[in-house]
Amino acid sequence: MTAPIQKLTDVQTCTGISVRTTNTDEISHETAKLGKLWQSFYKNHVSQLEKGQDIYGIYHNYESDDVGAFDVVASWKVNSQQDGQEKSGNDDTANTVKATKNKNASNLTTVSIPAGKYMVFSEYGNMPNTVMNAWEKAWTYFNDPSCEHTRTYHVDFERYVEGNLEYGQVELYIGIE
């Protein structure tokens with residue numbers, strides 16, 4: 001199975017709440033952080049979003065590969081003008097994740113999803129099983145010795161279409177070379 005490849009031509013800026021974790025930590029209920037992150041996001045931020053607004057789970061700041069630590073931001077898209085560097089003319093800007101504390105709200109982080117090539121794994125159904133199924137397909141694909149693509153481990157993200165965190169469509173974008 002080969003997932004479609006999508007080329008993002010524009011930087012996308014999102015704001016939300018963040019945790020740092022590892023895949024090993026997420027196996028155990030005692031050390032898992034992602035469930036708590038999404039519970040907090042749902043409780044404190046979803047009601048403030050427009051109905052039907054897409055929600056993003058952004059994976060970035062990878063220590064290495066799928067074994068190392070990484071940051072996850074449960075977020076929503078914001079106007080990129082708030083970023084301030086998106087039109088600087090510096091080509092490196094589009095290829096660099098920028099995460100800064102939002103000065104207008106405590107504990108919010110702003111992250112830019114860079115333009116680039118992404119392999120998209122799409123699933124539909126009950127959360128969180130649906131998003132876990134998408135990740136399982138991605139891991140299976142990239143761990144296959146005959147895999148034709150290489151992950152960048154720069155930025156990956158989940159897009160919860162129309163903001164459905166209980167039942168709906170999720171698109172998992174994996175950054176590739």
Side-chain angles (χ1 to χ4, degrees), residues 1 3 6 8 12-78 97-102 104-114 118-143 151-176:
M1 180 221 96
Q6 184 170 348
L8 298 183
Q12 298 179 31
T13 304
C14 296
T15 294
I17 57 175
S18 178
V19 296
R20 187 153 182 85
T21 191
T22 66
N23 284 323
T24 302
D25 285 348
E26 293 306 313
I27 293 171
S28 169
H29 182 70
E30 290 79 31
T31 56
K33 298 176 185 173
L34 293 180
K36 293 173 186 146
L37 171 74
W38 284 105
Q39 286 174 352
S40 177
F41 181 81
Y42 192 82
K43 177 182 175 186
N44 299 309
H45 300 284
V46 169
S47 65
Q48 299 170 31
L49 303 178
E50 289 183 32
K51 183 173 174 60
Q53 183 175 354
D54 290 348
I55 292 173
Y56 295 82
I58 303 169
Y59 295 68
H60 72 105
N61 200 17
Y62 283 96
E63 183 177 78
S64 57
D65 53 19
D66 59 337
V67 177
F70 51 88
D71 293 333
V72 180
V73 183
S75 63
W76 62 95
K77 194 183 287 190
V78 295
V97 174
K98 296 174 295 277
T100 59
K101 290 292 181 189
N102 184 320
N104 299 326
S106 63
N107 85 340
L108 290 182
T109 298
T110 298
V111 178
S112 294
I113 300 170
Y118 295 85
M119 186 162 275
V120 183
F121 298 84
S122 186
E123 292 287 319
Y124 190 90
N126 290 314
M127 304 300 170
N129 292 344
T130 298
V131 72
M132 292 179 348
N133 291 342
W135 275 105
E136 188 64 38
K137 285 184 178 181
W139 290 325
T140 299
Y141 176 78
F142 287 104
N143 287 324
R151 285 185 67 180
T152 62
Y153 290 100
H154 186 60
V155 174
D156 304 310
F157 65 96
E158 304 156 350
R159 176 179 167 238
Y160 295 86
V161 178
E162 296 182 354
N164 290 318
L165 292 176
E166 294 175 17
Y167 184 88
Q169 181 177 349
V170 65
E171 297 171 346
L172 172 61
Y173 289 69
I174 303 292
I176 58 173

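For the single chain, residues carry numbers from 1 onward in sequence order. Just so we're clear, the structure is a prediction, and the values are computed from it rather than from any experiment.
Annotation: the span from Glu158 atom CD to Ile58 atom CD1 amounts to 10.0 Å, rounded to 0.5 Å. Atoms CD and NZ, on Glu123 and Lys137 in that order, are 3.5 Å from each other to the nearest 0.5 Å. The distance from atom OH of Tyr173 to atom OH of Tyr118, rounded to the nearest 0.5 Å, is 10.0 Å. Residue Phe121 holds its CZ atom at 13.0 Å from CG of Asn133, rounded to the nearest 0.5 Å. Taking CD1 of Ile176 as the reference point, atom OH of Tyr153 lies at 13.0 Å (rounded to 0.5 Å). Within the model, atoms CD1 of Ile174 and CZ of Arg151 stand 4.5 Å from one another, a figure rounded to the nearest 0.5 Å.
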Review point. Passes side chain to side chain contact (heavy atoms under 4.5 Å, CB included), Asp156 versus Trp135? Steps please.
Key: CA-CA 11 Å; Asp156 304 310; Trp135 275 105; 4.2 Å; yes
Practice item. Quick one: do Ile55 and Trp38 satisfy side chain to side chain contact (heavy atoms under 4.5 Å, CB included)? Show the steps, please. Key: CA-CA 11 Å; Ile55 292 173; Trp38 284 105; 3.7 Å; yes
Practice item. Kindly determine whether Leu108 and Ile17 satisfy side chain to side chain contact (heavy atoms under 4.5 Å, CB included), including the steps that lead there. Key: CA-CA 5 Å; Leu108 290 182; Ile17 57 175; 3.8 Å; yes
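Not counting sequence neighbours, the partners of Ser40 by the side-chain hydrogen bond (donor to acceptor under 3.5 Å, both in side chains) test are Asn44. Legend: residues meeting side-chain hydrogen bond (donor to acceptor under 3.5 Å, both in side chains) with Ser28, ordered by chain and number and at least two apart, are Glu30. Contacts of Asn23 classified as side-chain contact (heavy atoms from CB on, under 4.5 Å), with partners at least two apart in sequence or in another chain: Asp66, Phe70, Trp139. A search for side-chain contact (heavy atoms from CB on, under 4.5 Å) contacts involving Thr22 returns Thr24, Asp25, Ala69, not counting sequence neighbours. Qualifying side-chain hydrogen bond (donor to acceptor under 3.5 Å, both in side chains) partners for Glu63, counting only residues two or more places apart in sequence or in other chains: none. When the side-chain hydrogen bond (donor to acceptor under 3.5 Å, both in side chains) test is applied to Asp71, the partners found at least two apart in sequence or on another chain are Arg20, Asn61.
Residues Thr130 and Gly125 share a closest heavy-atom pair of OG1-C, 2.9 Å. Here the closest heavy-atom approach between residue Phe142 and residue Met119 is recorded as CZ-SD, 4.0 Å. Looking at every heavy atom in both residues, Thr109 comes nearest to Ser18 through OG1-CB, 4.0 Å. Across all non-hydrogen atoms, the minimal contact from Met127 to Gly168 is CE-O, 3.5 Å. Residue Arg159 comes nearest to Asp54 through the heavy atom pair NE-OD2, 2.7 Å, listed as atom of the first residue, atom of the second, then distance. Here the shortest heavy-atom pairing between Phe157 and Ile113 reads CE2-CG2, 3.5 Å.
If you check the side chains of Trp76 and Glu50, you find no donor sitting under 3.5 Å from an acceptor.
Between the side chain of Thr13 and the backbone N or O of Val78 there is no donor-acceptor pair closer than 3.5 Å. Formation of a donor-acceptor pair under 3.5 Å by the Glu26 side chain with backbone atoms of Thr21 is not found in this model.
Taking the centre of each ring, Tyr124 and Tyr167 come in below the 6.0 Å mark.
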